[in-house]
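Just so you know, these numbers use all the heavy atoms, side chains as well, and skip hydrogens, waters and symmetry mates. Each ligand, and each atom within it, is numbered from 1 in the order the structure gives.
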Amino acid sequence: MTTGTTALGERPAWKALAAHHQEIAGKHLRQLFADDPTRGQKFTAEFGGIFLDYSKNRITAETVKLLLQLAEESGLKARIEAMFTGEKINITENRAVLHVALRAKEGESILVDGVDQVPLVLAVLDKMAGFADRIRSGDWKGCTGKRIKNVVNIGIGGSDLGPVMAYEALKHYSQRDLTFRFVSNVDGTDFAETVVDLKADETLFLVASKTFTTLETMTNAHSAREWFLAGIGGDEAAVAKHFVAISTNAKEVSKFGIDTANMFEFWDWVGGRYSMDSAIGLSTMVAIGPENFRAMLDGFHQMDQHFRTTPFDKNLPVLIGLLTVWYTDFFNAQTVAVLPYEQYLKRFPAYLQQLTMESNGKHVTLDGKHVDADTGPIYWGEPGTNGQHSFYQLIHQGTRLIPCDFIGFYKTNNPLGRHHDMLMANVFAQAEALAFGKTAEEVKAEGVAEALIPHKVFEGNRPSNVILAEVLTPEVLGKLIALYEHAVFTQGTIWSIDSFDQWGVELGKVLATRILGELESADGKLTHDTSTNALIERYRANK
Ligand code: G6Q
């Protein structure tokens with residue numbers, strides 16, 4: 001197992017980067033651009049129609065060289081191979097990490113414990129396609145002989161965020177006479193509002209849960225079952241036509257009452273937040289059709305191959321991942337803003353929050369030591385141009401450094417007058433304003449009163465990437481997601497952490513189970529801290 005065991009601070013490139021940062025920290029992007037007239041062309045990379053301009057970062061050729069050296073010293077090449085060949089790199093759960101197998105092509109072979117996983121993946125995809133076609137064509141009939149009109153995905157975390165994001169992102173390609181909804185929260189309002197205007201005999205529930213034991217999902221699934229039975233007059237036999245399961249746990253699925261013939265399988269080597277292109281994406285496939293879904297998988301696969309085979313200096317996920325390390329660890333940046341200028345990508349930042357923060361929000365290295373640098377930054381964002389009228393103020397003139405990823409497209413799926421040019425003008429304007437700002441002299445030259453000049457100065461020197469693609473298609477979406485998946489992998493490798501476990505979500509779950517019992521029984525001695533005891537007592541008294 002390759003774990004990059006040399007402590008981060010001991011790696012020569014790390015030390016060199018620390019020294020190099022001293023030199024570069026005082027340099028302004030205005031200066032860096034003035035020094036090199038080719039900069040805007042030089043710091044770019046492109047793959048498969050995804051273009052990255054990273055010239056507006058606080059870097060020189062020397063920075064890139066050292067970051068690439070850091071990747072080498074951290075064993076990135078070997079780690080990539082370990083992932084792609086099914087090594088159990090998720091060491092705390094003793095699992096392979098093979099989301100790349102979900103988009104492998106026929107004829108490829110990826111072994112886990114001696115068993116080729118690719119044929120298993122392809123068989124499930126075929127089964128999903130058959131099912132999706134039947135729902136889309138109306139061939140699949142509900143219990144009263146009517147066709148399915150509404151598809152409700154019940155899941156949470158990785159079994160929800162990916163499906164929601166992909167449905168929103170690819171709505172343009174969806175079958176419009178079908179309604180898609182997503183229930184995740186254990187707050188009963190989520191379920192109640194989701195079904196408020198639906199008819200039970202026209203509704204199909206996809207219960208998406210890898211474990212099929214998740215509290216929120218099972219609670220919502222049971223409520224869905226009750227709602228459904230109440231709506232159709234209680235015929236238990238009808239459940240089979242209105243509930244299917246997506247899970248790795250056949251035993252729990254059949255215990256719930258879903259025929260395992262209507263179960264779509266995946267495997268323990270797919271992490272929840274890496275599962276939107278597995279059977280967890282069934283709602284996506286029903287929405288956009290098997291052909292589009294396969295095009296999305298093809299996009300993922302192309303980016304996988306790019307990540308695996310392209311030299312690091314031209315490798316998009318590697319470059320983006322390394323730049324994030326640069327800002328997080330050397331500039332002390334706390335966050336990264338992801339700003340898609342594409343309304344269909346409105347849930348993309350939320351999706352990325354889980355992908356990045358659940359993966360790299362770790363403080364322990366693979367060999368169990370406290371990591372000696374800051375790890376996963378906070379990801380956040382909103383689609384442009386909306387964000388410009390709210391939080392961009394802080395990015396432009398606040399005291400924090402916030403690296404930004406702008407995502408834009410040459411074309412829109414909804415051409416409408418000048419809208420798209422206006423949208424894209426804002427992408428370029430924002431990146432330009434952040435980098436170059438506006439000096440006191442420039443403000444003064446506009447005739448601004450002396451006292452107001454400091455308020456109107458834009459310091460600039462605020463870094464960003466601009467990512468461009470032709471138009472948002474299923475294939476492009478696949479490429480974009482894989483780009484971030486592998487950027488996360490790159491960062492996790494540098495930090496020598498396990499990007500594929502999520503022990504940090506466990507403690508709260510255990511405590512909630514205990515407290516639930518205490519909320520439901522009026523008495524019983526409470527043995528928490530004084531604050532928690534008092535809150536529970538207050539709730540009991542007022543509920
Ligand atoms: C993702 C996490 C987590 C998971 C949910 C749902 O990587 O593991 O978000 O996806 O807790 O789990 P189930 O699919 O098992 O219900």
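In this structure, the side chain of N360 engages the main chain of V488 through a donor-acceptor pair within 3.5 Å. A donor-acceptor distance shorter than 3.5 angstrom exists from the side chain of R147 to the backbone of R136, with no hydrogens or angles considered. Put simply, the side chain of N315 gets close to the backbone of F307: a donor and an acceptor are under 3.5 Å apart.
Taking atom 2 (C) of ligand 1 as the reference point, the nearest protein heavy-atom neighbour is E358 OE1, 3.4 Å. Counting protein heavy atoms only, atom 3 (C) of ligand 1 is closest to Q354 NE2, 3.8 Å. From the protein, the heavy atom lying nearest to atom 6 (C) of ligand 1 is I156 O, 3.2 Å. Nearest non-hydrogen protein atom to atom 15 (O) of ligand 1 is T211 OG1, 2.6 Å. Considering only non-hydrogen protein atoms, atom 4 (C) of ligand 1 sits nearest to G158 N, 3.8 Å.
K255 meets the salt bridge (Lys or Arg N to Asp or Glu O under 4.0 Å) test with E252; sequence neighbours excluded.
When only interatomic distances are considered, the shortest N/O to N/O separation between R273 and ligand 1 falls below 3.5 Å.
Residue contact check: S159 has heavy atoms under 4.0 Å from atoms 10 (O), 13 (P), 14 (O) of ligand 1. Atoms of ligand 1 lying under 4.0 Å from at least one heavy atom of S209, given by number and element, are 13 (P), 14 (O), 15 (O), 16 (O). Those atoms of ligand 1 with a heavy atom of Q502 less than 4.0 angstrom away are 7 (O), 8 (O). Atom numbering of ligand 1 starts at 1 in the shown order; those under 4.0 Å from a heavy atom of T214 are 12 (O), 13 (P), 15 (O), 16 (O). Taking every heavy atom of G272 and a limit of under 4.0 angstrom, the matching atoms of ligand 1 come to 1 (C), 7 (O), 10 (O).
Distance check on atom 11 (O) of ligand 1: every protein heavy atom falls at or beyond the 4.0 Å cut-off.
Aromatic rings of F205 and F228 (six-membered ring for Trp) have centroids beyond the 6.0 Å cut-off, not under it. For F131 and F264, the ring centers sit closer than 6.0 Å to each other.
The NE2 atom of H528 sits 4.5 Å away from the CD1 atom of I515 when rounded to the nearest 0.5 Å. Between the NZ atom in K479 and the NE2 atom in H301 there is a gap of 12.0 Å [rounded to 0.5 Å].
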